[in-house]
Amino acid sequence: MSTVFDINSLARENIRKLIPYMSARRLGGNGDIWLNANEYPIAPDFQLTENTLNRYPECQPATVIQRYANYAGLKPEQVLVSRGADESIELLTRVFCEPGRDAVLFCPPTYGMYSVSAETFGIEQKKLPAGTNWQPDITAIENNLDHVKLIYICSPNNPTGNLIDPTTLRQILELSRNRAIVAIDEAYIEFCPQHTSTRWLQDYPHLVILRTLSKAFALAGLRCGFTLASADIIALMLKVIAPYPLATPVADIAAQALTETGIRTMRNRVAEIVSNRSYLQQELNKLTLVENVFPSETNYILVKFTDAEIVFKTLWEQGIILRDQRKQLGLENCLRITVGSQNECEQLVSAINALSSQTQQIKETEHP
C-alpha cells in the first residue's frame, strides 16, 4: 500500500518557513477605487513599435540604458535594467552575500522585499528598528555591522513616506566604506528629485541606487527597474542576471517613456499627484476618525486612525481598497493610502467622513 508523498519534504527548510511578500494583487479585493499599490490611476498610452518578437531581446537594451543614463545624469556603464527594482534586490543578494556567513541590514518599518529576498537565499537579517521620525538609528547600525554585506535604506521610505536625512545617509555610507554595499531605494524619488543620491556615486564606490518606472512613470505593469552604481558593481550584477531580463515589448515601451516627451509627461503627472496629495492631507486632517496624517514625499500617505480596522473593512466593502500596515513595526492603527485622481480622493474623504459621522452617532446613542 503506497503512502502519499509530501513534496514539501524536498523543499529547503527556510522556504517551507518563508512568509511570502503579500503584494496588493495577492491580497485581492473587489472595487472601483484602488488605493493600495501606489499606482497611477490612469493608464498611459503607448503603442508597440518593435515587431521582432521572433528574436531574443538584448540582455541590456542599448536605447533604454542610454536614455536612462541621460535622465539620471550618469554614464551607460553605471546603469543596469531589470524586471523591476525587485530583481535588483535579488541580484545584490546573490552577488554580495554568502548564505550562513553574511547578513543584510535594514530598518523597519520599510519595504518588505528586503527581508523576503534575504530569507529566500538563507541570509541572516539584522532588523534595526527606525528611531524618531523613522530615521535609521546610527548608533545601532554602527554596533551591528559585523558580517553585514548589504544595507538597504529606502528614501523616501515605504510605507512611511518620509525622506532619510542626507546627513544620516552620509554617516551610513562612511561607516560601511570598504565593508558593505549600501543600497538606497529611490523608487519614489521622482516626487522629490532634488533629494536623489546619484551625485554621491562618484564619492562612494559601494553605493547602489534602485529606481523604477512603476510609480511616477505610471508603468507598474511593465515591470521595469534600474540599478545605478559604479561600473564595477554593474559588471558583477551582469554576471548573475538572467540572459534576457527584459521582454522586447517592455524595452520598447520603456524607451518611449524615457524620451524628452515621456519625461515631461511624467513630471506633469507628478505635479498632479502632489496637488492631490495636498488636498487629501488637508481633508483627512479634519476628520474625527483620523489621529495623524504623516508628512509624505511620495504618491501615498500614511494615516493613523483611531480604529484602522473598521476604516479598512468598511471601505473595502464599499470597493475602496487601502493598504493595511497595522502589522508593521510601530504602525499600529496605520493605513497607507495611495494618492489617486481628484475624484478618487474626494470619494475616499466622503466615505471616511460618513463613517466618522456614523461612529459618532453610535457613541452618542450608547452614551447620551
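Atom set for the values below is all heavy atoms of this structure, side chains included, hydrogens, waters and symmetry mates excluded.
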Q: So, does N14 use its side chain to make a donor-acceptor pair with the main chain of E119 at under 3.5 Å?
A: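 Yes.
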Q: Atom CG of L74 and atom CD1 of I65: how far apart are they, to the nearest 0.5 Å?
A: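 The CG atom of L74 sits 11.0 Å away from the CD1 atom of I65.
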Q: Looking at D102 and K149, would you say the former's side chain and the latter's main chain have a donor-acceptor pair under 3.5 Å?
A: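 No, D102 side chain to K149 backbone: no donor-acceptor pair under 3.5 Å.
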Q: With a 4.5 Å cut-off on side-chain heavy atoms, are Y68 and V81 touching?
A: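 Contact flag for V81/Y68 side chains = no.
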Q: Once rounded to the nearest 0.5 Å, what's the spacing between atom CG of L105 and atom CG of L128?
A: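 These two atoms lie 4.5 Å from each other.
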Q: Is the closest side-chain donor-acceptor distance between N162 and T160 under 3.5 Å?
A: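 Indeed, the side chains of N162 and T160 share at least one donor-acceptor pair under 3.5 Å.
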Q: Counting N and O atoms only, with roles assigned by atom type, does the side chain of N144 sit under 3.5 Å from a partner on the main chain of A140, one being a donor and the other an acceptor?
A: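 Pair found, side chain donor or acceptor close to backbone of A140.
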Q: Would you please name every residue forming a ring-ring contact (aromatic ring centres under 6.0 Å, His included) with F106, sequence neighbours left out?
A: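 So F106 forms no ring-ring contact (aromatic ring centres under 6.0 Å, His included) with any residue.
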Q: Is any side-chain N of the basic residue among D86 and R223 closer than 4.0 Å to the acidic one's carboxylate O?
A: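 Salt bridge present between D86 and R223.
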Q: Distance-only, no hydrogens or angles: does the S115 side chain make a donor-acceptor pair with backbone N or O of G112 under 3.5 Å?
A: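 No, because the side chain of S115 does not come within donor-acceptor range (under 3.5 Å) of the backbone of G112.
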Q: After noting the C-alpha distance and the side-chain angles of T248 and E50, does the key distance pass the side-chain hydrogen bond (donor to acceptor under 3.5 Å, both in side chains) rule?
A: CA-CA 7 Å; T248 297; E50 290 287 346; over 6 Å; no
Q: Could you check if a side-chain atom of I172 sits within less than 4.5 angstrom of a side-chain atom of I151, using non-hydrogen atoms only?
A: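 Side-chain contact under 4.5 Å: yes.
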Q: Establish, from distance only, whether the side-chain atoms of D165 and T167 form a donor-acceptor pair under 3.5 Å.
A: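 A donor-acceptor contact under 3.5 Å links the two side chains.
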Q: Are the side chain of S82 and the backbone of E87 linked by a donor-acceptor contact shorter than 3.5 Å?
A: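 Pair absent, no side-chain N/O of S82 close to backbone of E87.
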Q: Would you find a donor on one side and an acceptor on the other, under 3.5 Å apart, between the side chain of T93 and the backbone of I89?
A: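 The answer is yes, because a donor-acceptor pair under 3.5 Å joins these two groups.
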Q: Would you mind listing every ring pair (Phe, Tyr, Trp, His ring centres under 6.0 Å) that reaches into residues 148-184, with sequence neighbours excluded?
A: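 Passing the test, one end in residues 148-184: Y114-Y152.
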Q: Which hydrophobic side chains are connected to L331, either touching it within the sub-4.5 Å cutoff or through other members that do?
A: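 The other cluster members (ILVMFWY side chains, heavy atoms under 4.5 Å, direct or chained) are W134, F294, L302.
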Q: Assess R336 against Y300: is NZ or CZ under 6.0 Å from the centre of the six-membered ring, and within 45 degrees of the ring's axis?
A: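 So R336 does make the cation-pi contact.
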Q: Is it true that T261 and T259 share a donor-acceptor pair across their side chains at a distance under 3.5 Å?
A: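 Looking only at side-chain atoms, T261 and T259 do not form any donor-acceptor pair under 3.5 Å.
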Q: So, using side-chain hydrogen bond (donor to acceptor under 3.5 Å, both in side chains) as the criterion, who are the partners of E346 when residues are at least two apart?
A: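 Q342.
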Q: Would you tell me whether N70 and Q66 have side-chain atoms, one donor and one acceptor, within less than 3.5 Å of each other?
A: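 Judged by distance alone, the side chains do pair up.
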Q: Would you say the side chain of I181 lies within less than 4.5 Å of the side chain of I233, judging by non-hydrogen atoms?
A: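 Answer yes - side chains close enough.
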Q: So, does N292 use its side chain to make a donor-acceptor pair with the main chain of K304 at under 3.5 Å?
A: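 Flag not set: sc N292 to bb K304 has no pair under 3.5 Å.
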Q: Would you say the side chain of V64 lies within less than 4.5 Å of the side chain of F226, judging by non-hydrogen atoms?
A: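 Touching, per the 4.5 Å side-chain cut-off.
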Q: Is there a donor in the side chain of N38 and an acceptor in the side chain of Y188, or the other way round, less than 3.5 Å apart?
A: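 On atom types as modelled, these side chains qualify, holding a pair under 3.5 Å.
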Q: Could you go through the salt bridge (charged side-chain N to carboxylate O under 4.0 Å, His left out) check for E260 and R264 one step at a time?
A: CA-CA 6 Å; E260 289 185 12; R264 185 165 54 250; 5.1 Å; no
Q: With ILVMFWY side chains joined below 4.5 Å, transitively, what does Y244's cluster contain besides itself?
A: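 For the cluster that includes Y244, the remaining residues are Y56.
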Q: Can any side-chain N or O of S356 pair as donor or acceptor with the backbone N or O of I352 at less than 3.5 Å?
A: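 The answer is yes, because a donor-acceptor pair under 3.5 Å joins these two groups.
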Q: Is any side-chain heavy atom of S296 closer than 4.5 Å to a side-chain heavy atom of P156?
A: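 Of all side-chain heavy-atom pairs linking P156 with S296, none is under 4.5 Å.
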Q: Of all residues at least two apart in sequence or in a different chain, which pass the ring-ring contact (aromatic ring centres under 6.0 Å, His included) check with F121?
A: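 With neighbours one apart ignored, the set is empty.
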Q: If you define the side chain from C-beta out and look only at heavy atoms, does anything of P245 sit under 4.5 Å from Q60?
A: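 Touching, per the 4.5 Å side-chain cut-off.
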Q: Are Y40 and E272 linked by a side-chain donor-acceptor pair shorter than 3.5 Å?
A: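 Judged by distance alone, the side chains do pair up.
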Q: Which value, rounded to the nearest 0.5 Å, describes the distance between M266 atom CE and F217 atom CZ?
A: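 With rounding to 0.5 Å, CE (M266) is 4.0 Å from CZ (F217).
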Q: Charged N to carboxylate O below 4.0 Å: is that the case for K17 and E13?
A: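 Yes, this pair counts.
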Q: Are R170 and E174 within salt-bridge range, i.e. N to O under 4.0 Å?
A: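 Between E174 and R170 there is no salt bridge, as every charged N stays at least 4.0 Å from the carboxylate O atoms.
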Q: If I take atom NZ from residue K75 and atom CG from residue L228, how far apart are they, to the nearest 0.5 angstrom?
A: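 Going from the NZ atom of K75 to the CG atom of L228 covers 14.5 Å.
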Q: How long is the span from the SG atom in C97 to the NE2 atom in H147, to the nearest 0.5 Å?
A: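 Nearest 0.5 Å value for the SG-NE2 distance: 13.0 Å.
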Q: Looking at side-chain heavy atoms only, is the closest gap between Q78 and T227 below 4.5 Å?
A: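 Contact flag for Q78/T227 side chains = no.
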Q: Would you say R277's side chain and T298's backbone share a donor-acceptor pair under 3.5 angstrom?
A: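 Flag set: sc R277 to bb T298 pair under 3.5 Å.
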Q: Would you tell me whether Q318 and T314 have side-chain atoms, one donor and one acceptor, within less than 3.5 Å of each other?
A: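 Absent: no donor and acceptor within the cut-off.
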Q: Mark yes when over 12 heavy atoms from residues, nucleotides or ligands other than R55 sit less than 6.0 Å from its CZ; otherwise mark no.
A: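 Not buried by this count: 12 neighbours or fewer within 6.0 Å.
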Q: Ignoring hydrogens and angles, state whether a donor on the side chain of Q347 or E344 is under 3.5 Å from an acceptor on the partner side chain.
A: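 Judged by distance alone, the side chains do not pair up.
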Q: Over 60° means perpendicular and under 30° means parallel, so tell me whether H206 and Y204 are parallel, tilted or perpendicular.
A: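 Answer is perpendicular, since the angle exceeds 60°.
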Q: Mind checking the CG-CG spacing from N353 to L355? Nearest 0.5 Å is all I need.
A: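 The CG atom of L355 is 9.5 Å from CG of N353, to the nearest 0.5 Å.
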Q: Taking the side chain as everything from C-beta on, heavy atoms only, tell me whether I209 gets closer than 4.5 Å to L201.
A: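 Answer yes - side chains close enough.
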Q: Checking E186 against T196: is there a side-chain donor and acceptor pair closer than 3.5 Å?
A: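 A donor-acceptor contact under 3.5 Å links the two side chains.
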Q: Would you please say whether a donor-acceptor pair under 3.5 Å links the side chains of E291 and T306?
A: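 No, T306 and E291 have no side-chain donor paired with an acceptor closer than 3.5 Å.
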Q: Step by step, would you call S88 with R83 a side-chain hydrogen bond (donor to acceptor under 3.5 Å, both in side chains)?
A: CA-CA 8 Å; S88 293; R83 291 168 290 192; over 6 Å; no
